[in-house]
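All remarks here apply to the structure that follows.
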Amino acid sequence: MTRLARPATLLAVGVLMMLSLFGCSDDSDSPDSADQTGTVMVTITEQDGQIEADSDLVQAKTGQQIMFMVTSDAADEIHVHSEPEHEFEVKPGPEQMFTFTVDTPGTVEVESHVLDTTILKLEIS
Amino acid sequence: MPGGSSRQLIAHGLGGLSDLPVRLSYVLIAAVVVLVVSFAILGLAWRTPRFRGDDSGAPLPRWLAGIVESPITRGTVVTLALAFTAWLTFAAFFGENLVVNPVFGSVYSLLWVGLVPAALLFGPIYRLCNPLRWIHRGGCLLVRRDPARGLVEYPDWLGMWPAALGLFSFTWLELVNPDYSTSLPVVRSWFLGLAVIVVAFAVVFGDRAFENVDPFEVYSSLVARLSPFGRRTDGVLVIRNPLENLSGLVAAAGTAAVVSVLFGSTAFDGFHDSIHWLRFTDRFGAHDVLLNSIGLLGFCGAVLASFCAASALMGKVGEIHRRHLPRLFAHSLVPIVVGYVAAHYLTFFVAIGIETIQQLGDPLSRGWTLTSFASGMDPFAIYGHPTAIGIIKVICVVVGHVLAVIAAHDRAVALLPARKAVIGQLPMLVLMVVYTLAGLALLFSS
């Protein structure tokens with residue numbers, strides 16, 4: 001099967017190159033969020049039909065405590081679309097706290113059910 | 001099922017959980033490999049065409065060919081497929097309008113994504129099972145008509161354009177608004193509409209219409225061209241180099257559009273989940289369907305336009321009209337599409353696929369446990385291996401790209417005069433690199 005030799009070799013070289021490079025790249029988990037035991041705090045404010053968090057994209061580890069501190073002028077329901085999901089009832093009022101953990105790695109959307117918008121995304125690694 | 005009760009309350013489309021972004025280091029490594037290998041192929045590979053299309057391949061062992069050709073095997077596969085369709089129809093008409101209705105997972109995961117691995121492994125199997133073909137065949141039998149015969153000949157200029165439109169409309173249904181994609185009446189109407197249109201085409205043009213009009217059959221048959229199995233010109237079942245199989249694809253008008261819709265819509269799927277796009281559409285509140293429609297159309301249109309431009313830039317090719325160049329190269333985009341689709345949908349397919357099998361045992365949401373054999377599986381276990389997922393995704397994209405470049409190269413040296421063969425294919429090579437890097441960027445950023 002010499003006619004296949006060239007593309008097959010090129011492909012094999014490419015894949016091997018990648019695998020070896022992956023091997024060289026530092027595979028230890030990035031040390032940027034060293035406070036794995038600490039709680040990740042997110043402040044969420046809902047006012048006049050607008051809901052906003054202090055960060056669009058929040059990073060956390062699996063099993064790490066995440067706390068939403070919600071201040072709202074209306075009743076709402078916050079959904080965390082993790083597996084399994086979390087739902088929090090928000091009442092009109094300042095500084096309501098909701099704590100949870102996510103055990104499955106992945107990107108998770110957090111939504112306001114009443115306003116039907118995405119508040120932020122959680123990157124759980 | 002964990003979270004089962006809450007899932008019924010939340011209408012959010014399927015799979016609220018998605019992959020972590022692929023690590024930057026992986027993306028950079030892949031980008032370097034893509035560039036190096038692309039130009040290595042351009043410089044080092046053969047200068048006379050090698051792929052022989054449907055003339056290629058070694059016959060399958062007699063016993064294996066016997067099993068594949070046997071009416072018992074085929075009858076069993078078709079019966080299972082039709083029974084599955086009937087089961088889904090039952091769930092679609094008598095089941096509850098809830099996200100846990102198995103119709104949604106079956107449509108968006110088992111059918112839409114699953115047809116890709118099925119075609120890679122078994123060739124054009126959807127064509128054999130296509131329920132609409134069997135409806136048409138049954139109808140023709142009743143009125144004693146030859147299914148191949150229509151009222152008029154299928155027009156060549158129409159080609160695969162109807163399928164491109166059908167694929168666009170399906171991705172629109174899936175991506176533009178979760179209120180549509182996971183609404184039972186909407187999905188049911190979409191499939192009823194599709195069935196009526198496709199069967200009507202078959203009545204008018206004969207059963208040749210299916211391979212041009214039915215979006216799922218067209219998609220499956222395209223991907224099947226990358227499988228190692230196929231039929232030779234003399235009708236013998238063969239095993240062959242997938243690239244030779246691919247080079248045998250006879251593109252029609254609209255094939256480039258079909259490929260563009262597949263690539264563009266998958267890219268838009270990656271893009272429209274990014275927090276920036278979500279924020280942007282949220283700002284316009286009620287207009288998110290419009291914005292998403294424009295975005296989807298823009299992505300597909302940009303792919304088609306750039307592909308046609310790159311084909312035209314290859315220069316004057318003998319007697320071939322420039323207008324026909326896109327379709328002569330359309331096959332070479334298929335590996336890029338398949339590689340990117342595999343990377344994009346890998347976890348979704350596994351997780352939602354398992355969940356759907358669990359749901360299929362309870363089509364009416366009454367607590368039936370007909371598929372209890374699968375109830376012990378955790379659909380989301382695959383998300384527990386983010387590093388392996390990242391590496392597999394990047395490898396899928398790179399392998400798809402390399403196969404595409406080789407396929408385009410072989411076609412270029414077949415069509416272009418020898419002295420222009422290298423220079424002439426540069427635009428297409430650059431375009432493929434751009435597509436692949438864009439795909440990698442989307443895997444990294446969303």
Side-chain angles (χ1 to χ4, degrees), chain A residues 1-4 6-27 29-30 49-52 55-57 59 62 77 79-87 102-113 115-125, chain B residues 2-4 6-7 9-10 12 15-21 23 25-26 28-30 32-34 36-37 40-41 44-46 50-51 179 241 243-244 273-276 278-279 281-282 285 347 351 378-381 383-387 389-391 394-395 398-399 402-403 406 409-410 446:
Chain A
M1 298 273 267
T2 49
R3 82 172 50 241
L4 302 184
R6 269 250 177 85
T9 321
L10 281 172
L11 197 59
V13 169
V15 171
L16 279 177
M17 245 167 91
M18 279 173 58
L19 284 176
S20 59
L21 285 169
F22 286 137
C24 299
S25 75
D26 183 16
D27 225 28
D29 277 318
S30 48
Q50 296 282 322
I51 190 159
E52 222 162 302
S55 170
D56 275 351
L57 197 62
Q59 286 169 338
T62 50
E77 208 175 287
H79 289 168
V80 180
H81 289 283
S82 53
E83 249 343 292
E85 306 188 314
H86 299 283
E87 300 166 40
V102 179
D103 298 328
T104 313
T107 305
V108 172
E109 285 183 19
V110 178
E111 288 190 329
S112 151
H113 189 58
L115 300 177
D116 196 22
T117 60
T118 306
I119 307 167
L120 67 132
K121 284 192 170 204
L122 295 171
E123 280 183 9
I124 311 292
S125 58
Chain B
S6 65
R7 285 199 139 238
L9 301 173
I10 301 170
H12 174 258
L17 187 64
S18 57
D19 287 353
L20 284 170
R23 274 190 214 167
S25 56
Y26 296 0
L28 292 177
I29 293 167
V32 170
V33 172
V34 161
V36 170
V37 176
I41 292 169
L44 301 175
W46 54 87
R50 296 218 167 156
F51 299 148
D179 293 343
N241 177 355
L243 283 168
E244 296 223 69
D273 268 343
S274 69
I275 190 76
H276 309 293
L278 287 172
R279 276 256 163 268
T281 51
D282 276 351
T347 48
D378 174 12
F380 297 91
Y383 285 97
H385 312 281
T387 306
I389 292 169
I391 293 179
V394 163
I395 289 180
V398 172
V399 169
V402 173
L403 293 178
I406 297 173
H409 174 81
D410 192 74
S446 59

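We name chains A, B, ... by the order of the sequence lines, and we start the count at 1 in each one. What you are looking at is a predicted structure, and each value in this text was computed from that prediction instead of being measured.
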Does a side chain donor of either A/His79 or A/Glu85 reach within less than 3.5 Å of an acceptor in the other side chain?
no
Residue A/Leu120 versus chain B: region with a heavy atom under 4.5 Å
backbone
Heavy-atom contact with chain B under 4.5 Å, split by part of A/Leu115
neither
Ignoring hydrogens and angles, tell me if any N or O in the side chain of B/His409 forms a donor-acceptor pair with the backbone of B/Trp46 under 3.5 Å.
yes
If we define contacts as heavy-atom pairs under 4.5 Å, which of B/Ile389, B/Thr281, B/Val34, B/Ile275 has the most with chain A?
B/Ile275
Name all residues meeting the side chain to side chain contact (heavy atoms under 4.5 Å, CB included) criterion together with A/Asp103; count only those two or more places apart in sequence or in a different chain, and write none if there are none.
A/Thr101
Determine the option with the most heavy-atom pairs under 4.5 angstrom with chain B, choosing from A/Val108, A/Val80, A/Leu57, A/Thr104.
A/Thr104
Quick one: pull up CD1 in B/Ile406 and CZ in B/Arg50 and give me the separation to the nearest 0.5 Å.
11.0 Å
